[in-house]
Amino acid sequence: MKILMILAIAAVIAAAVIVIEIYREVHHFCITHYTVQSSGLRGLEKEIKILFLSDLHNRAYGANNEKLLQAVRDESPDLILIGGDMLVGKAGVPYDSALEFVRQLPAVCPVYYANGNHEGRMKEYPEAYGYAYESYRQALTECGVRFLENDICHVTINGREIALCGLELPISTYRKFQKDQITADDITDFFVLSPCKGNGKSAENLPELQDEFKILLAHNPAYMDAYLDWGADLVLSGHLHGGLVRVPGLGGIVTPQGFLFPKYSGEMTQEGERTVIVSRGLGSHTLNIRLFNTPELISIHLKPR
């Protein structure tokens, strides 16, 4: 009986510690620094610093997200790239928090925004969401945010040409308990069939990308093989929220589609000359759980090999 009592007390203490840790992680974020070195960055005059934000889901750190905004300012980036799901795409859920945060980012540096499944859902189903997505997009565009919706934008930073490629997969690729077949040719078709907007060059001129360092913003890492086959030098994804619970040596536990132990869930992985970075995200929704999985703002340092 004494042993059972001790075990019961230990279980209660362990459960309490886990609950406290989950609460702490859900309400705090960290800054994760990654250095990406590539021969594709030859000619780069000095380091390029990129901040990658993903999956905020309307979360606010401090009043008006001032803590997160100050962290962005303190990093002094050359570029800010957004990987989608900054809001929550549910009928009747306001997006004011995400809008007010993102609209302040262009005062720091150029901002490029690729959609996630939440923005995509609002965009694809206006019968359910009305003009919410168009209003959100227009408000941010007027503030200087450049949306990449199956769109490619060419920029030159510190003497090196960079192709910023924002991939937007159909909502069907996010269905529960299944995975679509996506190939490198499909990705090319997405870019070709959706002409660039604004000041970017035409996506039909894909051969122009051969000499550029290609950064692909692709929200869902489930199709990473296709992204790498397509020729991305650096892939930035999110969507998985770190797998909710992370186990040392194994990574994230589960994906939103219900698959266990995804290969890429919240880390940097080197695949030959190519680099994959998957964000653990900055927020959560529905299952508001994180364990050993602190939300993160990612700071990427690009350097020539």
Side-chain angles (χ1 to χ4, degrees), residues 29 31-34 36 47-61 64-87 95-116 118-120 122-123 133-158 160-168 196-201 212-219 234-239 277 279 281-283 295-302:
F29 71 93
I31 302 176
T32 303
H33 291 265
Y34 292 123
V36 175
E47 172 188 303
I48 297 174
K49 182 186 283 190
I50 295 173
L51 286 190
F52 178 48
L53 297 82
S54 186
D55 298 276
L56 183 63
H57 289 297
N58 287 332
R59 176 59 51 81
Y61 294 97
N64 301 317
N65 246 323
E66 185 56 36
K67 291 182 180 179
L68 183 57
L69 185 60
Q70 190 58 51
V72 170
R73 294 183 183 122
D74 290 345
E75 285 294 306
S76 300
D78 299 296
L79 276 179
I80 293 174
L81 301 181
I82 295 176
D85 282 9
M86 299 300 279
L87 42 67
Y95 52 73
D96 305 61
S97 177
L99 176 63
E100 291 306 314
F101 170 69
V102 177
R103 75 192 314 167
Q104 297 182 74
L105 297 179
V108 178
C109 67
V111 179
Y112 296 84
Y113 191 134
N115 286 334
H118 280 249
E119 292 93 349
M122 295 167 66
K123 179 180 177 181
Y133 174 74
E134 287 77 8
S135 298
Y136 176 76
R137 185 187 188 281
Q138 181 178 347
L140 290 180
T141 299
E142 290 173 354
C143 295
V145 176
R146 174 77 151 84
F147 277 75
L148 299 174
E149 300 163 291
N150 286 330
D151 193 354
I152 298 173
C153 189
H154 306 259
V155 299
T156 300
I157 304 176
N158 298 343
R160 189 70 179 93
E161 291 184 339
I162 306 289
L164 303 175
C165 313
L167 179 66
E168 186 173 346
C196 282
K197 307 170 186 67
N199 297 320
K201 298 178 183 177
E212 293 179 284
F213 185 81
K214 296 176 286 298
I215 299 177
L216 179 65
L217 287 162
H219 185 68
L234 172 61
V235 182
L236 302 179
S237 297
H239 184 54
I277 295 176
S279 171
L282 282 159
E296 63 181 352
L297 169 66
I298 294 181
S299 181
I300 304 168
H301 306 259
L302 297 184

**Asked** Between L79 and L164, does a side chain to side chain contact (heavy atoms under 4.5 Å, CB included) hold up when you go through it step by step?
**Response** CA-CA 11 Å; L79 276 179; L164 303 175; 4.3 Å; yes
**Request:** For residues P77 and V72, report the shortest heavy-atom separation together with the two atoms involved.
**Result:** CD-O, 3.5 Å
**Request:** Give a yes or no on whether the backbone of H239 and the side-chain of D85 come within a donor-acceptor separation of less than 3.5 Å.
**Result:** no
**Asked** If you measure from CD on Q104 to CG on L99, what distance do you get to the nearest 0.5 Å?
**Response** 10.0 Å
**Message:** Strictly distance-based, threshold 3.5 Å: is any side-chain N or O of E119 a donor or acceptor partner for the main-chain N or O of M86?
**Reply:** yes
**Request:** Give the minimum heavy-atom separation between E47 and N158, together with the two atoms involved.
**Result:** O-ND2, 2.9 Å
**Request:** For the residue pair S54 and H219, establish whether any side-chain heavy-atom pair is separated by less than 4.5 Å.
**Result:** yes
**Request:** For T32 and I298, indicate whether the former's side chain and the latter's backbone hold a donor-acceptor pair under 3.5 Å.
**Result:** no
**Test log, rule side chain to side chain contact (heavy atoms under 4.5 Å, CB included), inputs E168 and K123** = CA-CA 11 Å; E168 186 173 346; K123 179 180 177 181; 3.3 Å; yes
**Asked** With a 4.5 Å heavy-atom cut-off, do D78 and C109 have their side chains touching?
**Response** no
**Prompt:** Rounded to the nearest 0.5 Å, how far does CD1 of I48 lie from CZ of F213?
**Reply:** 8.5 Å
**Request:** Look up atom NE2 in H57 and atom NE2 in H118, then write down how far apart they are to the nearest 0.5 Å.
**Result:** 4.5 Å
**Prompt:** Can you check whether F101 reaches L53 side chain to side chain, under 4.5 Å on heavy atoms?
**Reply:** yes
**Asked** Roughly how far, to the nearest 0.5 Å, is the OG atom of S135 from the CG atom of L140?
**Response** 11.0 Å
**Prompt:** At what distance, to the nearest 0.5 angstrom, does CD1 of I50 lie from CG of L302?
**Reply:** 4.0 Å
**Request:** Could you go through the side chain to side chain contact (heavy atoms under 4.5 Å, CB included) check for L81 and I300 one step at a time?
**Result:** CA-CA 10 Å; L81 301 181; I300 304 168; over 6 Å; no
**Prompt:** Taking the side chain from K49 and the backbone from E75, do they hold a donor-acceptor pair closer than 3.5 Å?
**Reply:** yes
**Message:** A side-chain contact here means heavy atoms from C-beta on lying under 4.5 Å apart; do L56 and V102 qualify?
**Reply:** no
**Request:** Fit a plane to each ring of Y136 and Y113, take the angle between them on a 0 to 90° scale, and name the class: parallel (under 30°), tilted (30 to 60°) or perpendicular (over 60°).
**Result:** perpendicular
**Item:** Stepwise side chain to side chain contact (heavy atoms under 4.5 Å, CB included) test for I215 and Y112
**Value:** CA-CA 12 Å; I215 299 177; Y112 296 84; over 6 Å; no
**Message:** To check you understand the geometry: which heavy-atom pair defines the closest contact between Y61 and P295, and what is its length?
**Reply:** OH-CB, 3.5 Å
**Asked** Looking at CD1 of I82 and OG of S279, how far apart are the two atoms once the value is rounded to the nearest 0.5 Å?
**Response** 12.0 Å
**Request:** For A218 and S237, work out which heavy atoms get closest and say how close.
**Result:** O-OG, 2.6 Å
**Message:** If you define the side chain from C-beta out and look only at heavy atoms, does anything of N58 sit under 4.5 Å from L87?
**Reply:** yes
**Pair E142-Q138, side chain to side chain donor-acceptor pair (under 3.5 Å): steps then yes or no** = CA-CA 6 Å; E142 290 173 354; Q138 181 178 347; 3.1 Å; yes
